[in-house]
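The first residue in the sequence is number 1, and the count goes up from there.
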Amino acid sequence: MSSERIKLIKTASIISICGNLILAVLKIVFGIIAKSNAVLADGIDSSSDVLISIVSLAVVGVMSKPADVEHPFGHRRAETIATAFLSFVLFFSGAQLVVNSVSKLINGGQPPELSITVFIVTVVSILGKLAISLSQSIIGKRANSQMLIANAKNMTGDILISSSVLVGLVISLFSDSLIVDSIIAMLIGLWVVKTSVNIFMEVNIELMDGNTELEPYRIVFEAVSIVDGAFNPHRARMRKIAGMWDIDFDIHVDPTCSITKAHNIARAVEDEIMRRMDNILEVVIHVEPMGDIDDTESFGLTEELIETAQE
C-alpha cells in the first residue's frame with residue numbers, strides 16, 4: 001500500500017472517531033436526562049460509529065504489511081474483512097434498538113422530558129454527521145477505500161436518523177406521548193439493520209471473488225482487439241482486493257511466433273489495459289496458440305457472455 005493511501009485512511013478514521021465520540025456522549029447524556037428513547041438510540045448508533053472508526057484505524061496497520069509466505073497476495077483483504085465485521089456490529093446494534101423500543105411500546109414507560117437543550121443537541125448532531133459524512137466520502141474516494149465509502153454511507157443514514165429524531169421530538173412536545181418517541185427509536189434500529197445488510201451484501205461480493213461490474217471486462221477486451229497479434233480473449237476473471245483490480249485472462253497468438261514475440265504481445269496488451277484502467281493490482285495474461293480450444297473450460301468470461309449479459 002502507498003504511504004499516501006495509509007495516511008488518508010488514518011486521517012479519515014481519526015476525524016470519525018473524534019466527531020462521533022463527541023456526538024455520542026452528548027446524545028446519550030441528554031437522552032438519559034430527557035428520558036428520550038429516540039435521542040438515546042441515536043447516541044448508541046453514534047457509539048457504534050466510534051467502534052467502526054477505531055477498527056478502521058487498527059486495520060490500517062494490518063493492510064500496510066508487505067506480502068509474506070502465508071499471504072503472498074499481501075494483506076489488503078484485511079480492509080474487506082474489517083468491513084464485513086463492522087456490518088455485523090451495526091446489525092446487532094440496530095436489532096437491540098428495535099427490541100428495546102418494541103419492549104417499551106408494549107410495557108409502557110415515562111414520556112420524554114424535552115428541553116431546548118435536547119433540540120440543540122439534535123441539530124448539532126445533524127450538522128456534525130453531515131461534516132463527518134462528507135469527510136469520509138471525499139477521503140474514501142481519494143484513497144479508493146471501500147471501508148471509508150461504506151462508513152460515509154452509514155453516516156448519510158445517520159443524518160436521516162437524527163432528522164427523524166428531531167421531527168419525533170417536535171411531535172412528542174405537543175402530544176406528550178411515549179409512543180412517537182419509541183416508534184422513532186424503533187425505525188432508527190430498523191434503518192441501522194438495513195444499512196448493515198446492504199454493506200455486508202456489497203462486501204460479500206468481494207469476499208467471494210465476485211464482480212458485478214461489466215464495464216472493466218469490455219475495456220480489457222477492447223485493449224486486446226487493438227494490439228496486433230493478440231486474438232480471442234477468454235477465461236477472463238476479475239476481482240477486487242481492497243479496491244484494486246486483479247485481472248486474469250487468456251489470449252490466442254500465432255502458433256508459429258517465438259516465445260519472445262508472444263511475450264511482447266502479452267506485455268503490449270497489459271500496457272494498454274494499464275493505460276485504460278486505474279487501480280490495477282495485477283494483470284496476468286496466459287498465452288495460447290491459435291486454435292487450441294479447451295472444451296472443458298468452465299470458468300471465466302468471454303466477449304460473447306459479456307455482450308449477452310449487457311443486452
Side-chain angles (χ1 to χ4, degrees), residues 1-9 12 60 63-64 66-67 71-81 83 136-150 152-153 199 201-253 261-288 297 299-311:
M1 288 182 63
S2 68
S3 58
E4 178 65 20
R5 187 169 189 263
I6 293 174
K7 183 179 179 181
L8 286 171
I9 296 177
V60 173
M63 294 163 56
S64 60
H71 306 90
F73 284 97
H75 299 77
R76 292 174 179 270
R77 275 282 169 86
E79 180 178 1
T80 311
I81 296 172
T83 307
Q136 299 298 293
S137 179
I138 292 171
I139 298 176
K141 290 176 181 178
R142 285 184 58 190
N144 191 31
S145 171
Q146 183 183 35
M147 182 170 58
L148 294 183
I149 292 173
K153 292 179 180 178
I199 291 174
M201 294 303 294
E202 289 180 9
V203 78
N204 186 57
I205 294 174
E206 182 172 325
L207 288 173
M208 293 292 291
D209 285 334
N211 174 33
T212 59
E213 301 179 50
L214 297 180
E215 182 63 16
Y217 285 100
R218 188 184 65 79
I219 292 174
V220 167
F221 294 146
E222 283 186 355
V224 174
S225 68
I226 68 171
V227 174
D228 291 338
F231 307 97
N232 187 30
H234 57 288
R235 288 210 306 177
R237 288 92 70 195
M238 295 188 190
R239 60 178 179 173
K240 272 190 172 181
I241 302 179
M244 302 290 287
W245 286 106
D246 182 30
I247 303 172
D248 192 338
F249 63 98
D250 299 359
I251 61 172
H252 281 157
V253 298
K261 184 176 181 179
H263 171 75
N264 289 337
I265 291 172
R267 176 59 63 83
V269 172
E270 179 181 349
D271 290 342
E272 186 62 30
I273 293 172
M274 299 285 281
R275 187 181 68 82
R276 291 166 174 255
M277 291 179 63
D278 297 322
N279 303 317
I280 294 180
L281 178 65
E282 185 179 34
V283 178
V284 177
I285 303 174
H286 178 224
V287 177
E288 298 176 334
E297 293 178 350
F299 58 92
L301 303 180
T302 62
E303 289 184 270
E304 291 75 16
L305 286 174
I306 294 299
E307 290 174 358
T308 300
Q310 289 178 327
E311 292 177 353

Discussion item. Could you report the tightest heavy-atom contact between Val227 and Ala268, atom names first, then the distance?
Written reply: CG1-CB, 3.8 Å
Fill in: Val220 and Val269, any side-chain heavy atoms less than 4.5 Å apart
no
Discussion item. Going by the rule side chain to side chain donor-acceptor pair (under 3.5 Å), which residues pair with Thr80 if we only count those two or more places apart in sequence or in a different chain?
Written reply: Glu206
Discussion item. To the nearest 0.5 Å, what is the distance between CG on Asn264 and CG on Asp271?
Written reply: 10.0 Å
Worksheet item: What distance separates Leu281 CG from Ile241 CD1, expressed to the nearest 0.5 Å?
Response: 5.5 Å
Worksheet, complete the sentence: Arg237 meets the side chain to side chain donor-acceptor pair (under 3.5 Å) criterion, sequence neighbours left out, with Asp248
Practice prompt. Can you measure from CD (Glu288) to NE2 (His234) and round to the nearest 0.5 angstrom?
Written response: 4.0 Å
Item to complete: Could you tell me the separation between the CD1 atom of Ile251 and the CZ atom of Phe221, rounded to the nearest 0.5 Å?
Response: 12.0 Å
Worksheet item: Does the salt bridge (charged side-chain N to carboxylate O under 4.0 Å, His left out) test come out yes or no for Lys7 and Glu4, once each step is laid out?
Response: CA-CA 5 Å; Lys7 183 179 179 181; Glu4 178 65 20; 5.4 Å; no
Practice prompt. Taking all heavy atoms of Ala12 and all of Gln136, pick out the closest pair and write down the distance.
Written response: O-NE2, 2.8 Å
Item to complete: Report yes if the side chains of Lys240 and Trp245 come closer than 4.5 Å at any heavy-atom pair, otherwise no.
Response: yes
Worksheet item: Less than 4.5 Å apart, any side-chain heavy atom of Ile280 and any of Ile273?
Response: yes
Worksheet item: Above 12 or not: heavy atoms from other molecules or residues under 6.0 Å from CZ of Arg267?
Response: no
Discussion item. Could you check whether any side-chain heavy atom of His71 comes within less than 4.5 Å of a side-chain heavy atom of Arg77, counting everything from C-beta outward?
Written reply: no
Practice prompt. Please tell me if the side chains of Ile219 and Glu215 come closer than 4.5 Å, counting only heavy atoms from C-beta onward.
Written response: yes
Item to complete: Please name the pair of heavy atoms, one in Ile265 and one in Gly229, separated by the smallest distance, quoted to 0.1 Å.
Response: CD1-O, 3.7 Å
Worksheet item: What pairs with His286 under ring-ring contact (aromatic ring centres under 6.0 Å, His included), at least two apart in sequence or on another chain?
Response: none
Worksheet item: What's the shortest heavy-atom distance between Phe231 and Val253, and which atoms?
Response: CD1-CA, 4.5 Å
Worksheet item: Out of curiosity, Met274 CE to Glu270 CD, how far, rounded to the nearest 0.5 Å?
Response: 6.0 Å
Worksheet item: Does the side chain of Met238 come within less than 4.5 Å of Glu213's, by heavy atoms?
Response: no
Discussion item. I need the Arg239 CZ to Asp209 CG distance, nearest 0.5 Å.
Written reply: 4.5 Å
Worksheet entry | Distance-minimising heavy-atom pair for Ser137 and Ala152 | N-CB, 3.6 Å
Discussion item. Counting C-beta onward and ignoring hydrogens, is there a side-chain heavy-atom pair between Ile285 and Phe249 closer than 4.5 Å?
Written reply: yes
